[in-house]
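Following: one structure in structure tokens, then a few remarks.
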2 protein chains.
Amino acid sequence: MGRPKRIDRAQVLAEALAIADEKGLDAVTMASLAERLGVTPMALYRHVANKADLLDGVVELLLTEFPPPPSELPWPERLSALAANLRTSARRHPSVFPLLLQRPATTVEARRTREAVYVALLEAGVPEDRTGQVERLVSTAILGFVVSEVAGRFRHHTRRQLDADFDVLQALLAAFIQSQGAGQAP
Amino acid sequence: MGRPKRIDRAQVLAEALAIADEKGLDAVTMASLAERLGVTPMALYRHVANKADLLDGVVELLLTEFPPPPSELPWPERLSALAANLRTSARRHPSVFPLLLQRPATTVEARRTREAVYVALLEAGVPEDRTGQVERLVSTAILGFVVSEVAGRFRHHTRRQLDADFDVLQALLAAFIQSQGAGQAP
DNA sequence: ACCTGAACACCGTTCAAGT
DNA sequence: ACCTGAACACCGTTCAAGT
């Protein structure tokens, strides 16, 4: 106690995410963030380049929440687990999650998740030169649904209805993957 | 010339959209918008309740850009036209378009587009009690792709590749609709 | 009815100064 | 190396006042 207040980047990002989750993205202010850390706003600039860099860092946190699903699972269940994790993360961080649509998945963590999808697709029989496109379409459909859900586009629908929609979406995507794995479908 | 500067809501919204298109969403400021209209910032508050209301109005403009496709077309081409229009609108207004994910499609214009999709689905043989869900999934997949594209998630991909992806996505959705029209698919 | 002038609390960011 | 104090230009929004 009484020790010098030292902060590091990880702390800054984690606290920013906490504020966003509690009070929304607009409440994440250099001033409010500094206050929660017990520091002046200017101290933050030693750990983040500016506010955009701060938000970039916060978005990256979302991708580290879940470990990749166990590789013993058959591929359809592995993809389902991935989708469920993504949806859980979105519901936990509704104001930050939509920012994922603005960022190419180039971080180490994002790459790892994408690699997991590639492996699943190869197991499903998708030819290697098509895994990129199939991954993009499948991930985009899931992401689009989940972002719509937490961003408010489905605000007039019941949770029950959205759960059913999500199940059908996954079935549709699984059928698509199957068709890509069984030679060219018509 | 020399006439009193009178502005109305439509002018305010149109000018705000123009600024967003030219310089990005952050450049849409009550001050910058007022300046372009030749008026003080406070004059805007007679026409929009606040900045959130301003942006809501701007987003609505996006839905009025295209007339519904001609009903003489067969349903697959009508849906393709709808998707192509959406993508054109997104490319034209890349900084505003992503906000569509935050709004339930409840405006008159949004309803009209959705109705056009319902009609197409019914023609495809989708049972009436399933058109809601199918419309939601199809629209969400298209919207997710198009928003990803203009928001930057695909920034490392070529236009050629994205065009190919979009075609495959539409084929996949058309196959899904067919399967829903032909009784329950496995 | 519509617009203006002046003012408010707040925002991100800088710079030079402290330890 | 890390944090602070003071300052800057800018932001959305209010209120009372003008025509």
Side-chain angles (χ1 to χ4, degrees), chain A residues 1-61 93 95-96 98-99 102-103 151-152, chain B residues 1-61 93 95-96 98-99 102-103 151-152:
Chain A
M1 48 212 81
R3 71 214 182 297
K5 302 160 211 151
R6 286 287 192 80
I7 57 177
D8 61 19
R9 183 171 229 262
Q11 257 180 82
V12 171
L13 300 181
E15 204 65 40
L17 179 58
I19 297 174
D21 292 344
E22 292 167 25
K23 311 185 187 174
L25 201 58
D26 287 350
V28 180
T29 276
M30 299 307 265
S32 69
L33 176 54
E35 193 186 12
R36 293 256 296 224
L37 292 164
V39 110
T40 61
M42 299 70 79
L44 301 175
Y45 287 88
R46 192 134 311 255
H47 307 284
V48 298
N50 49 41
K51 191 168 181 190
D53 179 51
L54 168 69
L55 293 181
D56 275 2
V58 171
V59 173
E60 279 175 32
L61 287 184
H93 312 291
S95 67
V96 172
L99 298 180
Q102 303 179 13
R103 330 195 70 246
Chain B
M1 48 213 78
R3 69 214 183 297
K5 305 161 211 148
R6 287 287 192 80
I7 58 177
D8 61 19
R9 183 171 230 260
Q11 257 181 83
V12 171
L13 300 182
E15 205 63 41
L17 178 58
I19 297 174
D21 291 345
E22 291 167 25
K23 313 186 186 173
L25 200 59
D26 287 350
V28 180
T29 276
M30 299 308 263
S32 68
L33 176 54
E35 192 185 13
R36 293 256 297 225
L37 291 164
V39 111
T40 61
M42 299 71 78
L44 301 174
Y45 287 88
R46 191 134 311 255
H47 307 283
V48 297
N50 50 40
K51 191 167 181 188
D53 179 50
L54 169 69
L55 293 181
D56 275 2
V58 172
V59 173
E60 279 176 32
L61 286 183
H93 312 291
S95 67
V96 173
L99 299 180
Q102 304 178 12
R103 333 195 67 248

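- P98(B) and A151(B) make their closest contact through CG-CB, 4.3 Å (heavy atoms, listed as atom of the first residue, atom of the second, distance).
- Listed by chain and number, the residues in a salt bridge (Lys or Arg N to Asp or Glu O under 4.0 Å) with R36(A) are E15(A), E22(A) (sequence neighbours excluded).
- R6(B) has its CZ atom 16 Å from the P atom of dT19(D), to the nearest Å.
- Atom CG in D8(B) sits about 14 Å away from atom C1' in dA1(C), given to the nearest Å.
- For the pair A20(A) and S95(A), the tightest heavy-atom approach, listed with the atom from each and the gap, is O-OG, 3.2 Å.
- Atom CD of E35(B) and atom P of dT4(C) are 13 Å apart (whole Å).
- V58(A) and A16(A) get closest at one heavy-atom pair: CG2-CB, 3.7 Å.
- Checking the phosphate oxygens (OP1, OP2) of dC3(C), a side-chain nitrogen or oxygen of H47(B) falls inside 4.0 Å.
- Separating the CG atom of L37(B) from the C1' atom of dT4(C) is a distance of 15 Å, rounded to the nearest angstrom.
- From L33(B), atom CG reaches atom CG of L44(B) across 5.0 Å, with rounding to the nearest 0.5 Å.
- Around CG of D8(A), the count of heavy atoms belonging to other residues, nucleotides or ligands within 6.0 Å exceeds 12.
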Heavy-atom contacts, protein to nucleotides 10-17 of chain D, under 4.0 Å, summarised as B (base), S (sugar-phosphate only) or - (none) per nt, yield -SSBB---
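- Other residues, nucleotides and ligands contribute over 12 non-hydrogen atoms within 6.0 Å of the CD atom of Q11(A).
- For DNA chain C, no neighbouring residue in residues 12-22 of chain A is found when judged by any heavy atom under 4.0 Å.
- Without hydrogens or angle criteria, H47(A) side chain to I7(A) main chain gives a donor-acceptor distance under 3.5 Å.
- Listed by chain and number, the residues in a side-chain hydrogen bond (donor to acceptor under 3.5 Å, both in side chains) with N50(A) amount to none (sequence neighbours excluded).
- Residue pairs meeting the salt bridge (charged side-chain N to carboxylate O under 4.0 Å, His left out) criterion with at least one partner in residues 39-59 of chain B, sequence neighbours excluded, are R9(B)-D53(B), D56(B)-R103(B).
- In this structure, the separation between CG on L25(A) and CG on L55(A) is 6.0 Å, given to the nearest 0.5 Å.
- Put simply, CG on L44(B) is 10 Å from P on dT4(C), counting in whole angstrom units.
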Reading DNA chain C 5' to 3', how would its secondary structure be written in dot-bracket notation, given Watson-Crick and G-U pairs with both distances under 3.5 Å, brackets [ ] for crossing pairs and | for partners on other strands?
-> ||.|||||...|||||.||
